[in-house]
Amino acid sequence: MSVVLDQVEQKQEAGERRFEIGDLLKLMERRYGANEIADVLAAYKLAESAHDGQSRVSGEPYIFHPIAVARIVFEMNMDHRSVMAALLHDVVEDTSISCEEITAQFGEDVSVIVDGLSKLTHLKFKSRAEAQAANFQKMLLAMVDDIRVILIKLADRIHNMRTLGAMRADKRRRIARETLEVYAPIANRLGIYSMKNELEDLGFRALYPARYRVLQESVKKRSQNRQEIVQKFEILVAARLEEAGIVSTVHGREKHLYSLYQKMRSKQASLDDIFDMFAIRIVTQSVDDCYRTLGVMHNVYKPLPRSFKDYIAIPKGNGYQSLHTVLFSPMGVPIEVQIRTTEMDTFAETGVAAHWMYKEGQSNSAQQRAHQWLANLMDMQANSADTMEFYENVKVDLFPDEIYVFSPNGDIYQLPQNATPVDFAYMVHSDIGNACLTAKVNRKLAPLNSMLESGQTVEIITSPKQRPTAHWLNFVVTAKARNAIRTYLKHQSREKTVEFGRQLLVRALTRYSRSLTDIDEKAEQAVLRQLNLANLEMLYNELGLGNQIPSMVAAWLLDEGDQQADMEQAMQLSPEIDPGPLIVEGGEDAVIALAKCCMPIPGDNIQGMITAGQGVLVHRAGCRNVGRHRRRQREWVAVVWSASVKGQFQTSVIIELNNVPGALATVATAMSDMDTNIEDIRFERTNDKITVMNFILSVRDRTHLGRLIKNVRILRETHKVKRAS
Ligand code: MN
């Protein structure tokens with residue numbers, strides 16, 4: 001039934017001699033020049049000596065496996081470097097040869113593929129859950145940055161499946177299941193139906209040998225009778241199309257066993273109920289002819305209602321295109337008919353496509369994109385001088401910006417690129433995110449802000465005392481983590497604001513050498529009534545938010561109880577009895593914010609100003625706005641940077657550039673070399689000699705900024721540089 005399997009078995013029965021390197025080189029003469037063949041031979045020689053003395057479970061020398069894989073790769077029309085990598089694919093994993101040696105002898109290109117293949121060997125598929133299988137497929141794809149790695153891996157798997165018989169039964173089942181759940185779907189996604197079908201039939205046979213045999217026998221029994229029907233039908237169809245002036249080829253097609261088996265299972269049907277066991281395919285020369293063919297067929301034979309599918313206008317996600325219909329044949333049985341162009345037919349056998357780019361349920365534009373993408377793909381294939389260039393082009397479309405990491409018990413999580421352990425923790429559960437203290441990446445301690453990579457195992461260490469901090473917002477990339485942190489901080493912020501307001505009032509009272517306990521109950525009620533607030537907590541909240549000025553409220557509270565206190569006195573009191581400055585931690589904070597006018601950074605002398613609705617706004621000591629507000633007698637609070645302040649702080653630097661070509665690029669490079677992000681560039685003014693630009697930069701602190709200014713100053717392109725005041 002399955003053509004390939006039968007061929008393999010026949011060969012084995014016939015005792016045909018092994019396919020050797022000489023056979024491969026001979027085959028290759030069809031497509032490759034002498035130099036390329038010499039390279040392949042050199043790769044073979046290294047593989048042969050590296051695997052010398054090793055043998056497969058079947059007992060045959062190991063080297064026959066890489067040769068067989070290389071043959072499959074060659075037959076997939078891949079480039080000669082892929083064939084070399086196929087010969088070397090198990091060398092790094094199983095022998096003492098290193099990737100460096102392969103690079104030295106065969107170049108970066110071959111060695112990157114071999115390295116990718118070795119990495120995939122370490123991935124182990126654990127769970128049987130369907131979602132896990134889907135993620136595992138994606139993970140495999142995300143872990144390689146060269147699609148040739150996947151294609152060679154598929155070839156490797158095909159050969160391993162063909163020679164599975166020698167394995168222990170439990171191992172055989174595991175590999176077969178992995179093939180059905182992971183590798184066949186990957187071939188399907190990539191649109192390589194020939195590989196998908198073979199992997200499925202091999203997997204089916206290994207996993208359910210009895211079912212496979214029974215189905216194979218019953219198909220054979222029905223085969224003869226049906227084949228005659230199909231042949232008659234083929235002749236009728238060909239004649240009709242010739243009459244209509246459509247150039248086409250018509251051939252009968254047999255479904256492979258696994259797809260019949262799946263159909264029987266999903267429809268709870270017996271083999272006799274699976275009417276489309278036999279089918280014909282009509283291959284035409286143009287899309288137009290496809291639709292004309294369909295028209296002719298539907299005119300002559302009655303179609304089965306609702307059986308028509310137009311995968312030409314709306315291709316399958318992996319790029320597959322064809323028209324499908326089921327016709328009542330004159331012989332009394334329904335026959336499935338596929339109609340497609342030559343290109344579509346080739347693509348269906350060997351195509352490479354990206355299923356996951358176009359998720360189900362998306363709008364027309366996604367379908368159009370899929371269509372467009374496919375058209376481009378065809379174009380590229382036709383125009384590419386070599387397969388290398390073709391795969392380079394496909395690669396861009398194929399690999400999404402996603403990474404896949406493991407939890408310690410082997411579950412796979414999908415995260416965006418640049419995701420950190422905190423993103424991972426929130427992905428697992430918001431309680432874990434909220435309590436994450438530190439992380440282990442591949443069993444080594446790693447900071448919470450380190451960037452994760454595909455294939456890593458991530459373990460989160462939690463502590464009941466740990467709380468999310470605003471600092472985390474500086475590095476998380478997932479919406480889930482960001483929202484959870486924000487929600488937490490918001491929840492905390494009222495509590496924090498209230499406490500902060502209380503502290504501000506305590507400070508203000510200290511200036512009168514009083515404390516909260518000195519406040520008279522009646523005075524308190526009077527002030528609350530006056531401000532239309534229900535309780536003391538609401539008053540603290542107003543103070544914390546800066547809607548009320550602490551010294552005034554303090555004076556008022558005391559004034560209500562003690563007629564002698566007044567504002568004059570408040571302003572004259574010495575600051576020596578101040579209870580100490582507020583600590584500025586940086587990052588997002590509910591009650592302390594950094595002023596946009598002077599953009600203070602750690603290391604600057606700073607002053608806090610109580611601002612309505614914003615709590616305390618921190619300015620640089622010399623800021624122009626400080627002087628202006630001081631005259632207006634606003635409320636001031638002493639502030640200092642926390643010793644443990646961390647993060648990126650924005651500040652503004654004015655640079656006068658000489659008008660020479662590339663000046664801006666040189667300065668920008670110097671900045672990024674210094675680990676500085678340019679957040680914004682504003683053009684200030686220009687004359688014929690210089691251009692003045694205002695750079696908004698992210699720096700760690702004053703020292704960092706100082707070094708940056710020094711490095712920019714010495715550039716030939718720089719006329720002057722200074723921090724904005
Ligand atoms: Mn192998």
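Computation of the quantities below employed the complete heavy-atom set of this structure, encompassing side-chain atoms and omitting hydrogens, waters and symmetry-equivalent molecules. Given the structure is predicted, the values throughout are model-derived calculations rather than measurements. Note that ligands are numbered from 1 as they come in the structure, with each ligand's atoms numbered from 1 the same way.
- Within D90, the N, O or S atom at minimum distance from the Mn ion (ligand 1) carries the name OD2.
- Here E217 does not pair with R213 in a salt bridge; the nearest charged N to carboxylate O distance is not below 4.0 Å.
- Taking the charged nitrogens against the carboxylate oxygens, E459 and R443 have no contact shorter than 4.0 Å, which rules out a salt bridge.
- Using a 4.0 Å cut-off between charged side-chain N and carboxylate O, R162 and E198 make a salt bridge.
- Looking at V83 and L24, their side chains come closer than 4.5 Å, going by heavy atoms from C-beta outward.
- Checked against the Mn ion (ligand 1), the N, O or S atom of D156 at the shortest distance is OD1.
- Put simply, H159 stays out of reach of the Mn ion (ligand 1), with no N, O or S atom under 2.8 Å from it.
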